[in-house]
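Beneath this line is the structure, given in structure tokens, with notes to follow.
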Amino acid sequence: MNSDSKTIHPIWLRLNHWVNLLALTILVLSGWRIYNAAPIFAFSFPGQIVLGDWLGGALLWHFAAMWLLFFNGLIYLFLNIVTGRFKTRFFPLRPRDLLHDFTAALKGKLTHDTPSEYNAVQKLAYLFVIADVILLVLSGLVVWKSVQFPLLRDLMGDYDNARIVHFCAMAALLAFAAIHVVMVALVPRTLLMMIRGR
Amino acid sequence: MKKDFDKAIVIQEALKELPSSARRLFMKRAVTLGGLSLLSGCAVTDKDSAERMLRKISTLNDDFQAWLFDPNKLAPTYPESMITRPVPFNAFYDRDEIPEIDESDFLLEVSGLVADKHSWPLQELYQLPQTDQVTRHICVEGWSAIGKWGGVTFSTFLKRIGADLTAKYVGFKCEDDYYTSIDMPTALHAQTLLAFTYDGRILPPEYGYPMKLRMPTKLGYKNPKHIAAIFVTNTNPGGYWEDKGYNWFGGI
């Protein structure tokens, strides 16, 4: 096998990625409808783009898709750790490399010559979004079950605050998604890699 | 000649119209239940079967919550200084439809798997040992409010009426035609109160006079107001909002 045909993303990772996209899309769109029932800030999400005809429908979607996200996420973390992929793809992550790659990216000079390796900015972005989804799950647990998870509730600063954390983590996820999609548009090969593996 | 010309225009217009309406249709479908199920590749082709699937998952979520529920875990209590003033009025109807109940002809009915089925006048209920608590009320909509409710611990009342404590459910019928039901473990939770007072005064009409079931371990819609009848059963009686699609367990 030459380097061109070598699989960069194993099949489990690709499946995991697209299931994750599906779960998060349902969760975000239904989450907007749930938010609209009692907005935290001075705005609501337009009714045409939310998922769920009414609050009850949105809640059904949200509490179904959460299991998809949860189990898919567990599989992702488990396989990443046991295959050693987590260690080899994301580390080492040095501040010096980060500064260098970030500057190069701003100048449009960051190359993707070795698709088998993430550059430092990618490493940080992906680690960030993993942490952000974990925060979404933990803050979501407090919004859902503030009595059953007292330690998490205290960490989030009680129920009302957990809603704000949950919302902000969603906004951070969308910010990541926006940049992620722009990057994929700039380097379309990465999209093919996430579909066929190489 | 004119006819052909008209026809051409019509076809031209139709063609122009087609992509945009097809686009609209696609967008419309993409955000509906059916559209997402198509996206997921499940064998779900219409809104009804998507709804059935989601309700099934909601029932599984009931079981999960019953498993997660710890009867010994208490909801946080707050100092009186943190009470939300005023606690919002919330019902499936407007203020002007709040039921007007007269103490003199009110009787609480008790039925089902209980030994003592006599009806209770309010004064007799007030004789039971009273307690109060300042807890957070969380609405399914997302807002919350801290309030002070007082009354008899519900487990005390259930024991007093000789309820079968191994039964699965306790159901409630209300003066405003609301109805709901809860699981027995939550009914026996130390903070589950049959509440007659709010903030030290007899429960005002908007908060559920003459009594409401107050559970800081369940969402607002599980806390029935204007209770007229209580029954113990092994058949799930459902609930007003639950039958429309809210999760039955509704635990916090």
Side-chain angles (χ1 to χ4, degrees), chain A residues 15 18-19 21-23 25-27 29-40 44-68 70 141-151 153-154 157-164 166-167, chain B residues 27-28 30-33 35-37 39-42 47 50-58 60-62 64-65 67-70 73-76 78 82 84 88 135-146 189 191 215-219 221 241-247 250-252:
Chain A
L15 280 172
W18 296 112
V19 171
L21 174 66
L22 174 73
T25 304
I26 296 173
L27 283 161
L29 294 181
S30 58
W32 289 351
R33 176 64 191 85
I34 298 166
Y35 167 96
N36 282 355
I40 310 171
S44 294
F45 294 96
Q48 304 94 307
I49 58 166
V50 300
L51 175 64
D53 300 340
W54 69 299
L55 174 61
L59 287 164
L60 286 175
W61 277 111
H62 209 73
F63 288 106
M66 73 173 183
W67 291 113
L68 197 59
F70 180 73
L141 276 178
V142 177
V143 175
W144 188 34
K145 293 267 164 259
S146 61
V147 175
Q148 304 306 322
F149 297 106
L151 186 70
R153 180 185 68 225
D154 290 345
D158 214 343
Y159 170 80
D160 286 341
N161 214 47
R163 281 187 80 204
I164 297 171
H166 200 56
F167 183 93
Chain B
M27 286 309 291
K28 219 170 156 183
V31 293
T32 57
L33 305 164
L36 254 150
S37 61
L39 210 67
S40 70
C42 298
K47 203 174 152 164
E51 173 106 18
R52 267 200 300 279
M53 177 194 72
L54 290 174
R55 291 233 187 181
K56 206 168 186 174
I57 297 172
S58 191
L60 291 174
N61 280 337
D62 288 339
F64 176 76
Q65 292 176 87
W67 170 80
L68 186 69
F69 178 76
D70 179 350
K73 213 166 256 174
L74 296 181
Y78 299 87
M82 283 181 74
T84 311
T135 49
R136 186 184 293 277
H137 168 105
I138 298 177
C139 179
V140 65
E141 293 172 350
W143 56 267
S144 82
I146 293 170
H189 187 266
Q191 288 173 311
M215 292 171 286
T217 55
K218 283 208 193 285
L219 292 169
Y221 65 89
W241 286 113
E242 295 89 325
D243 294 349
K244 288 177 165 48
Y246 280 176
N247 175 262
I252 294 174

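Labels below follow one simple rule: chain letters A, B, ... track the order of the sequence lines, proteins then strands, and each chain is numbered from 1.
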Toward chain B, the part of [X] with a non-hydrogen atom under 4.5 Å:
{"X": "A:D158", "result": "side chain"}
{"X": "A:W67", "result": "side chain"}
{"X": "A:P150", "result": "side chain"}

field: Part of B:F69 lying under 4.5 Å from any heavy atom of chain A
entry: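 Both the backbone and the side chain of B:F69 come within 4.5 Å of chain A.
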Under the side-chain contact (heavy atoms from CB on, under 4.5 Å) test, residues paired with B:V140 that sit two or more places apart: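 A:L55, A:L59, B:L219, B:Y221, B:Y246.
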Aromatic contact, B:W143 with B:H137 (centres under 6.0 Å):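 Yes, ring centres under 6.0 Å apart.
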message: Using side-chain heavy atoms (C-beta onward) and a distance below 4.5 Å, is B:Q65 in contact with B:N247?
response: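 Yes, side chains in contact.
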task: First locate atom CD1 of A:I34, then atom CZ of A:F167, and finally report the distance between them rounded to the nearest 0.5 Å.
output: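 Rounded to the nearest 0.5 Å, the CD1-CZ separation comes to 13.0 Å.
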task: Name the member of B:L68, B:T217, B:L60 that forms the most heavy-atom pairs with chain A at distances under 4.5 Å.
output: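 Among B:L68, B:T217, B:L60, the one with the most close pairs to chain A is B:L68.
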Heavy-atom pairs under 4.5 Å with chain A, option from B:N61, B:D70, B:I57 with the top count: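 Ranked by contacts with chain A, first place is B:N61.
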message: Looking at A:R153 and A:S146, would you say the former's side chain and the latter's main chain have a donor-acceptor pair under 3.5 Å?
response: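 Yes; judged by distance alone, with no hydrogens or angles, the pair exists.
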